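Here the structure comes first, spelled out in structure tokens, and everything after it is commentary.
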Amino acid sequence: MYTGTISSKSTDKFNLRVWLSIDADNTAMNKYYFGKIKIVINQGDDYCIRNGFNTLSDCMLVMNNHESSVELAKQNITAKGIPDFSKTATTDEGLFMAEDDEGASYYYRGAVKNNYVSFAGFIWRIIRRNGDGSIRMIYAGKKTNDTGEATTIGKSQFNSKWWDPTYVGYKYNEKFSLHENNGTTEYNWFTNTQKYNFGTGYTFDKSTKKFTLTGTIKQLTWKDNHDEIVAGKLYSCLNTECNVVYKVTGYQNDTTMTVQPISYSSDTYNDAVKNNVNSAVKEMLDNWYKHNMIKYTMYLADETFCNDRSVISGTGYLVTSLSRYGSYNRLVSNKSPSLKCMQDNDKFRVSNSSAKLEYPVALITADEVSMAGGRGHHDASYSPNSDFYLYNTKAYWTMSPSVFSSSTYTSLIWAIYPSGSLSQYYKANDDNGVRPVINLKADVKISSGDGTSIAPYKIN
């Protein structure tokens, strides 16, 4: 009937003419007609709804530049090329394309303002459109202005255990044996002036899987007593729990000793990467999903969550081996993140029997964080980014292993620092925030919204 624009605090007038049908009854004459015009304000840009892009999968592609077709949007995004991953992304760089295991994926990068989604009573931020058209999203709280802990479901350790490479796993396997001839390595995860217990022998308890010092036990410091310790080839735990006992065999310097670790640990790489026991963080996510998301499962796609345990250097199972995993090589050495997952038993999904999920929920990967605008390198703490859309002022987990350190006997996992930098130095037993990641099916429709914080996409 009428098309026009009414700006804020202004008035518009128009005439409405009404014709009576020629066969109207005479009783309709000399009467007054009363009515009202209702103006409905749709928050945000309704370009998608008006032009028939009614799935979130299509709308997110055409919305930025109001393209006339999904194919044109894909062409324009692909033409942007590959961003510089050696730098943080502090402005809204929009969408880029990268291949995943399903095909062409389109991911948001930088200070994105239009990737908000309202679904299942929560707010989410779109990470990317997957290669099959499904939409990957990360939990962002209950309101679009939530930040900090409100954008997490709480804190958890990645794993409560850390002293074997198997504990970098989202699920892990404890097929262990007692290893008393591991060879030697350097050890520096101690304070050289602190007194530790050193003994002339040890015992191992098969029921508790713990080591205990025996024989003559003395409290000694490395700085003052290293000659005595080395000469006696004494044993020490050097920690509160004795999951690994160390036979000290040599002096390197005032802060580093040469040790022969004695461990109850993995036998082979294949044993270390099997998926039999849930990690602590997976238990937390599954419990949250069970209580909050189970009735929305019909809207969710069964997509891969990659816990990439491919080994770039080291063995991936010996505690004396400094093992670096695939993401370390991509993000630290090459600055070239990837959305592809190398090994079948690292592709966690409901339908994968070798890496099975109970529910279609897990965590973001370090590669996805890098693509979104975080930076991963050797001095990750010097790459803060408080501008990209994944920043929330708190530390939270990814599901990507970084390193198993043979000098600290610790499994290290990538996480986001409170500064927004991407760090490979978080120990598996650290407490960090947990932000669930889910995938909406490709055919899920939106009822309104343009993805902004005042008008998030609403799922129909």
Side-chain angles (χ1 to χ4, degrees), residues 43-44 48 54-61 63-64 92 94-95 105-130 132-154 284-286 288-305 357 359-365 368-369 371-374 388-394 396-399 416 433-460:
Q43 275 192 323
C48 286
N54 57 2
T55 66
L56 180 58
S57 183
D58 288 344
C59 183
M60 65 166 281
L61 295 183
M63 177 56 82
N64 272 15
D92 187 351
L95 287 162
S105 177
Y106 300 89
Y107 62 92
Y108 285 102
R109 179 171 172 82
V112 180
K113 301 294 192 296
N114 64 340
N115 65 343
Y116 290 88
V117 176
S118 176
F119 173 66
F122 304 108
I123 298 297
W124 307 80
R125 304 295 293 270
I126 301 172
I127 299 168
R128 60 186 175 104
R129 170 177 153 143
N130 300 314
D132 64 356
S134 60
I135 304 296
R136 181 160 302 199
M137 310 187 301
I138 188 169
Y139 180 88
K142 296 181 179 179
K143 303 188 297 295
T144 56
N145 61 351
D146 280 346
T147 189
E149 292 180 3
T151 62
T152 73
I153 60 169
M284 183 179 188
L285 283 163
D286 285 354
W288 176 84
Y289 187 95
K290 230 178 351 182
H291 289 91
N292 293 279
M293 294 293 296
I294 197 74
K295 65 181 179 180
Y296 299 99
T297 302
M298 69 182 73
Y299 297 98
L300 301 185
D302 181 22
E303 295 294 318
T304 293
F305 296 94
L357 295 178
Y359 305 105
V361 62
L363 296 170
I364 196 169
T365 67
E368 288 171 332
V369 175
M371 291 174 136
F388 80 138
Y389 75 90
L390 291 175
Y391 171 73
N392 75 342
T393 76
K394 298 292 182 181
Y396 60 93
W397 287 116
T398 79
M399 68 183 297
I416 310 298
V434 179
R435 299 183 69 180
V437 172
I438 59 173
N439 297 274
L440 287 174
K441 289 179 178 178
D443 61 357
V444 166
K445 295 181 179 180
I446 58 173
S447 59
S448 64
D450 62 2
T452 59
S453 60
I454 62 169
Y457 294 118
K458 290 187 178 178
I459 301 305
N460 188 355

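The analysis underlying the following values was restricted to heavy atoms, covering all of them including side chains, and did not include hydrogens, waters or symmetry mates. Nothing here was measured: the structure is a model prediction, and the numbers come from that model.
Residues Met293 and Tyr299 form no side-chain contact, since every pair of their non-hydrogen atoms from C-beta on lies 4.5 Å or further apart. Looking at heavy atoms from C-beta onward, Met63 lies in side-chain contact with Tyr457 at the 4.5 angstrom threshold. Side-chain contact between Ile416 and Ile364: absent, with no pair of heavy atoms (C-beta onward) separated by less than 4.5 Å. Between Thr398 and Thr365 the shortest side-chain heavy-atom distance does not fall below 4.5 Å. The shortest side-chain heavy-atom distance between Ile127 and Met371 does not fall under the 4.5 Å cut-off. Here the side chains of Thr144 and Ile454 are not in contact, with every heavy-atom distance at 4.5 Å or above. For the pair Tyr289 and Pro360, the minimum side-chain heavy-atom distance is below 4.5 Å. Side-chain atoms of Val361 and Ile438, non-hydrogen and from C-beta on, do get closer than 4.5 Å to each other.
Cys48 and Ile446 get closest at one heavy-atom pair: CB-CD1, 4.4 Å. Here the closest heavy-atom approach between residue Tyr116 and residue Ser453 is recorded as CD1-N, 3.5 Å. Here the closest non-hydrogen pair linking Ala140 and Arg125 is CB-CG, 3.8 Å. The nearest pair of heavy atoms linking Val437 to Arg136 is CG1-CG, 3.6 Å.
Listed for the Asn460 side chain is no donor-acceptor partner under 3.5 Å among the backbone atoms of Ser447. A donor-acceptor pair under 3.5 Å is formed between the side chain of Ser57 and the backbone N or O of Gly133.
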For this session: List the steps and the verdict of side chain to side chain contact (heavy atoms under 4.5 Å, CB included) for Val369 and Phe388.
Result: CA-CA 10 Å; Val369 175; Phe388 80 138; 4.2 Å; yes

Problem set entry | Audit row: Lys394, Thr152, side chain to side chain contact (heavy atoms under 4.5 Å, CB included) steps and yes/no | CA-CA 9 Å; Lys394 298 292 182 181; Thr152 73; 5.6 Å; no

For this session: Let me see the working for Ile459 and Leu440 under side chain to side chain contact (heavy atoms under 4.5 Å, CB included), right down to the final yes or no.
Result: CA-CA 10 Å; Ile459 301 305; Leu440 287 174; 3.8 Å; yes

Exercise. Tyr139 and Trp288: side chain to side chain contact (heavy atoms under 4.5 Å, CB included), yes or no, with the steps?
Worked result: CA-CA 12 Å; Tyr139 180 88; Trp288 176 84; 3.9 Å; yes

For this session: Carefully, step by step, assess Asp450 and Lys113 under the rule salt bridge (Lys or Arg N to Asp or Glu O under 4.0 Å).
Result: CA-CA 10 Å; Asp450 62 2; Lys113 301 294 192 296; over 6 Å; no

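Distance check, rounded to the nearest 0.5 Å: CG of Asp302 to CG of Leu357 gives 7.5 Å. Interatomic distance, CE of Met284 versus CG of Asp286, reported as 11.5 Å (0.5 Å rounding). Expressed to the nearest 0.5 Å, how far OH of Tyr391 lies from OG1 of Thr147 amounts to 7.0 Å. For the atom pair CE (Met60) and CG (Leu95), the distance works out to 4.5 Å, reported to the nearest 0.5 Å. Put simply, CG on Asn114 and CG on Asn64 are 4.5 Å apart, with the number rounded to the nearest 0.5 Å. Note that the CG atom of Asn145 and the OG1 atom of Thr151 stand 11.5 Å from one another [nearest 0.5 Å].
Aromatic rings from Trp124 and Tyr296 are positioned such that their centres are separated by 6.0 Å or more.
Taking the ring axis of Tyr108 as reference, the NZ or CZ atom of Arg128 does not stay both within 45° of it and closer than 6.0 Å to the ring centre.
Residues Ser134 and Asn439 bring no donor and acceptor atom of their side chains to less than 3.5 Å of each other.
The salt bridge (Lys or Arg N to Asp or Glu O under 4.0 Å) analysis of residues 435-445, with sequence neighbours excluded, yields no pairs.
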